[in-house]
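Before any comments, here is the structure.
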Amino acid sequence: MRLVFLGPPGVGKGTQARRLAEARGIPHIATGDMLRQVVKSMSAAGRRAQALMERGELVPDHLVIEIVEERFACPDVRKGFILDGFPRTRAQAEALEAILRKQAATLSRVVYFDAPAAVVVERISGRRTCKKCLANFHVTFHPPSKPGICDLCGGDLFQRTDDNEDTLRERLRVYEEQTRELIEYYMRRGLLTRIDAARTPEAVFEELVEAVG
Ligand code: AMP
């Protein structure tokens, strides 16, 4: 199972990817999470990425592609994978094709999570993320049992600096401008399945499992 999860920020790709990856025993490869690790390293590349991420812009293709290439050198991706948040540009989609070609592999499916902008704004503004295991909660729709503490690992919950309304608007603009065209790109290749992601996580997961087989 070699999957790409496509869709606007805050649509629930990460939540669904984590769940499916665990159920199928395949790696969940989230470029946003990987870039936040690079930022923590405080390298020059990390500092440049941080400034762009805080503004809601994309980091340069070459940096993300390098990170994904490195990840694909690990043998666990041979079992399959879920790419979450990559590709986000046409150049990244072409780079992914080249990476897979080298491994004589192809994508099994691209799942497009679709939801109106109002839904993603509401989801992102209440999102809280675990510092330790990166699980997501929501202050209203999925609150943790103890405020500020992750139910899964006991880690502290925090609000991502880019999960605020202003930055989110920019992230949505960037999505429309640079990422949306990938829907058409993968549709033409016969790989795209659209899922209505405006429903509960359980309903979305059910449809996802059916879609990916
Ligand atoms: P995410 O956690 O997927 O919402 O990503 C957070 C931020 O990381 C994005 O707003 C971008 O600044 C950056 N980012 C993540 N994935 C990519 C990518 N594939 N290409 C460029 N920038 C990315």
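Owing to the predicted nature of the structure, the values given are computational and were not obtained by experimental measurement. Whatever order the structure lists ligands and atoms in, that order sets their numbers, starting from 1.
Only the side chain of R160 comes within 4.0 Å of ligand 1, counting heavy atoms alone; its backbone N, CA, C and O stay farther away. Under 4.0 Å from ligand 1, the heavy atoms of V64 that appear belong solely to its side chain. Contacts between E57 and ligand 1, counted as non-hydrogen atom pairs separated by less than 4.0 Å, involve the backbone only. At a heavy-atom distance under 4.0 Å, only side-chain atoms of L35, from C-beta outward, approach ligand 1.
Nearest to atom 9 (C) of ligand 1 among the protein's heavy atoms is R88 NH2, 3.9 Å. Among protein heavy atoms, atom 8 (O) of ligand 1 sits closest to M53 CE, 3.4 Å. Summary of contacts: the protein heavy atom closest to atom 22 (N) of ligand 1 is V59 N, 3.2 Å.
A cation-pi arrangement is absent between R173 and Y175, since the terminal nitrogen or guanidinium carbon is not both under 6.0 Å from the aromatic centre and inside a 45° cone about the axis.
Close placement of the F81 and F72 rings is indicated, their centers lying within 6.0 Å of each other.
F137 and H142 have parallel rings, their planes meeting at less than 30° on a 0 to 90° scale where 60° marks the start of perpendicular.
The only member of R194, R180, K13 that meets salt bridge (charged side-chain N to carboxylate O under 4.0 Å, His left out) when paired with D114 is R194. Looking at R123, R127, R128 one by one, the single match for salt bridge (charged side-chain N to carboxylate O under 4.0 Å, His left out) with D163 turns out to be R127.
In this structure, A93 and L182 approach most closely via the heavy-atom pair CB-CD2, 3.9 Å.
The shortest N or O to N or O distance between P87 and ligand 1 is not below 3.5 Å. Checked by distance only, ligand 1 and Q92 come closer than 3.5 Å through their nitrogen or oxygen atoms.
Using a 4.0 Å cutoff on heavy atoms, R36 counts as a contact of ligand 1.
Listed by number with element, the atoms of ligand 1 under 4.0 angstrom from any heavy atom of T31 are 15 (C), 16 (N), 17 (C), 19 (N).
More than 12 non-hydrogen atoms from other residues, nucleotides or ligands lie less than 6.0 angstrom from CD of E176.
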**Request:** Output, in order, the C-alpha distance, side-chain angles, deciding distance and verdict of side chain to side chain contact (heavy atoms under 4.5 Å, CB included) for L100 and L107.
**Result:** CA-CA 8 Å; L100 292 175; L107 288 176; 3.8 Å; yes

